[in-house]
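All values below come from the heavy atoms of this structure, side chains included, with hydrogens, waters and symmetry mates left out. Counting starts at 1 for both ligands and their atoms, following the listed order.
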Amino acid sequence: MAFDWADFGVDLHLDVPAGGRRAGLERALRAAIRSGRLAPGSRLPATRTLALELGVARNTVAAAYDQLVAEGYLTARTGSGTTVAALPSPSPAAPLLAPLERPRFDLRPGSPDVSFFPAAAWLRAARRSLAGAPAATWDYGDPRGHPVLRAALADYLGRVRGVLAHPDRIVVTSGYVQALALLAGLHRSVAMEDPGLAFHRAVVRRAGARVVPLAVDGLGACTSALDSTVDAVVLTPANQFPLGAALAPARRRAVVDWGGLVIEDDYDGEFRYDRQPVGAVQGMAPEQVAYVGTAAKTLGPALRLGWVVLPERLVEPVVEAKRHTDYHTEVIGQLTLATLLTSHEYDRHVRAARSRYRSRRDLLLARLRGMPVRGVAAGLHALLPLPPGVREADVLAEATRRGLALGDLGSHWHAAGDHPQGLIIGYGTPSSSRYPAALDVLARLLTSVA
Ligand SMILES: Cc1ncc(COP(=O)(O)O)c(C=O)c1O
């Protein structure tokens, strides 16, 4: 329905990222028009009003409006302001992957607050890394990754995560997911935590391995159930995903004595709030464990930067698999990350991010006081078991009606069944400005369903 936004001091609910304001505003408006959220005929706020609301210069809004008028998304008529144009209905040849529509309030787990990406520090580091780089930098390189990054990672991982990492044992990958695929391709049968991330199970299967469920309880994965019918196990020992337990010390010891390969997914090991950091299992048994880390939570998933520290016997097969997949990971991101690490900008950023997420975690606990929130000692998500008789599907449907997206426990089980019902709350996901409102909606929702 056409709407007159111009009459209101209203929020158009545009997510306009900091930096590249005009381009960001144009993108947000295009997405809102394409998705139908801004209907044809709707009148947009005056440039001055929107500029005030978004905290940008009026010229920025005017330039974005002009651009979208030129592209046919908007029409401008003297005296009647700027309105949304009628777009032709999408042709069958429209791209398969439409730009992602973000919900109004996003508490899904999986992503950090990407607005916290340290763009200025990243740019400085990129400039420094590239300025003095020799010409050979731009040629094919080592499939393990650039030696400068591998040396920086060896130092960082030893210092911060207790990983025994020689640079020759490190392979830089395109995120955790590529390391998982490369390792799964070398194994027949892989045990994976139940519950765990369904996408990662699919990755293992596509790599040709069989997936076997491994139960999880309050002490983490039940590693005593592992036997010789599987040859690798994937664990999230620092913060089980999604239940949030740290793997108990006896189980850590048991799993490295078991004999198969332990794939250690250390996706958010830097974010621990209430206790001393739990060091990596790899530090206890570097020949039994392939330790995998990622920049997805500390910096942003879009970088697609991960790393795996391998037992000696797996270095050559993984390097060959990597070479035959994509030669090696692109070099600019690698060098930039290396500079961030060696200049300790990375540590500073992680420290600031940890403090921000700890405050958010505290706010979550305060808002949901009296509710049995679990898995809050670490990470960027929490588990809220639902009371008997309350179904995830009903709560999620009501959440959607209120513009709130949440994670569910249900999609993480290996098989359907009569599982406990629960919500996964990704408190790291929204931007700081959106977080309090998202919590308000969540708290009201929970009061209404409990
Ligand atoms: C359990 C788990 N492992 C690893 C990752 C990171 O994966 P990647 O580095 O491929 O983005 C995530 C991200 O959401 C995750 O939830």
Side-chain angles (χ1 to χ4, degrees), residues 100 106-114 116-117 145 149 153 157 161 170-184 190-204 206-207 211 214 216 220-221 232-247 262-272 278 280-282 289-309 322 325-326 329-330 333-334 337 350 353 357 375 378-383 405-409 411-414 424-430:
L100 284 178
D106 194 353
L107 289 176
R108 289 172 297 183
S111 294
D113 174 358
V114 286
F116 201 44
F117 178 74
L149 176 58
L153 282 170
L157 295 173
R161 304 295 301 126
I170 297 179
V171 176
V172 177
T173 57
S174 180
Y176 165 79
V177 76
Q178 186 180 51
L180 177 65
L182 297 176
L183 288 164
V190 179
M192 298 183 79
E193 293 166 335
D194 185 11
L197 207 56
F199 176 62
H200 290 166
R201 295 197 287 277
V203 167
V204 168
R206 285 177 83 97
V211 171
L214 180 65
V216 177
V233 61
V234 180
L235 297 178
T236 47
N239 186 29
Q240 202 279 328
F241 190 87
L243 299 184
L247 189 64
V262 179
I263 300 172
E264 179 170 18
D265 173 3
D266 196 34
Y267 63 107
D268 64 3
E270 281 97 343
F271 298 126
R272 177 152 285 275
V278 179
V281 175
Q282 192 268 3
V289 181
Y291 169 92
V292 191
T294 174
K297 305 286 189 199
T298 49
L299 292 172
L303 297 180
R304 305 315 303 138
L305 275 172
W307 41 88
V308 52
V309 184
K322 172 72 178 166
T325 303
D326 57 3
T329 294
E330 70 83 22
Q334 291 193 57
L337 178 60
V350 167
Y357 293 131
L380 308 179
H381 70 275
L383 167 71
L406 290 164
D408 63 333
L409 188 51
S411 57
H412 294 85
W413 302 102
H414 284 233
I424 315 290
I425 303 165
Y427 58 84
T429 309

By the definition side-chain contact (heavy atoms from CB on, under 4.5 Å), identify the one residue from Asp265, Val216, Leu243 that meets it with Thr236.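 That would be Asp265.
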Exactly one candidate in Leu197, Ile263, Val211 meets side-chain contact (heavy atoms from CB on, under 4.5 Å) with Val234; the answer is Ile263
Ignoring hydrogens and geometry, is there a side-chain-to-backbone donor-acceptor pair from Thr294 to Gly306 under 3.5 Å?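 Side chain of Thr294 to backbone of Gly306: no pair is present.
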For the backbone of Leu235 and the side chain of Glu193, can you confirm whether one donor and one acceptor N or O come within less than 3.5 Å of each other?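 No, the answer is negative, given that no donor and acceptor are paired below the 3.5 Å cut-off.
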Determine the minimum heavy-atom distance between [X] and [Y], stating which atoms define it.
X: Arg272; Y: Ala378; value: NH2-CB, 3.4 Å
X: Arg201; Y: His414; value: CD-CE1, 3.4 Å
X: Ala184; Y: Ala207; value: CB-CB, 3.8 Å

In terms of relative ring orientation, are Tyr176 and His200 parallel, tilted or perpendicular, with 30° and 60° separating the classes? tilted
Tell me which part of Phe241 gets within contact of ligand 1: side chain, backbone, both or neither, using heavy atoms under 4.0 Å.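 For Phe241, the contact with ligand 1 is made by the side chain alone.
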Under 4.0 Å between heavy atoms, the region of Ala296 that gets near ligand 1 turns out to be side chain
Check whether any heavy atom of Gln178 sits under 4.0 Å from an atom of ligand 1. no
Could you establish whether Gly110 and ligand 1 come within less than 4.0 Å of each other, counting only heavy atoms on the residue side? yes
What are the atoms of ligand 1, with element, lying closer than 4.0 Å to any heavy atom of [X]?
X: Arg304; answer: 8 (P), 10 (O), 11 (O)
X: Val177; answer: 10 (O)
X: His200; answer: 2 (C), 3 (N), 4 (C)

Can you pull out the closest protein heavy atom to [atom]? Residue, atom name and distance to 0.1 Å, please.
atom: atom 16 (O) of ligand 1; answer: Leu197 CD2, 3.8 Å
atom: atom 7 (O) of ligand 1; answer: Tyr176 CB, 3.5 Å
atom: atom 13 (C) of ligand 1; answer: Lys297 NZ, 3.5 Å
atom: atom 5 (C) of ligand 1; answer: Tyr267 CB, 3.8 Å
atom: atom 2 (C) of ligand 1; answer: Asp265 OD2, 3.4 Å

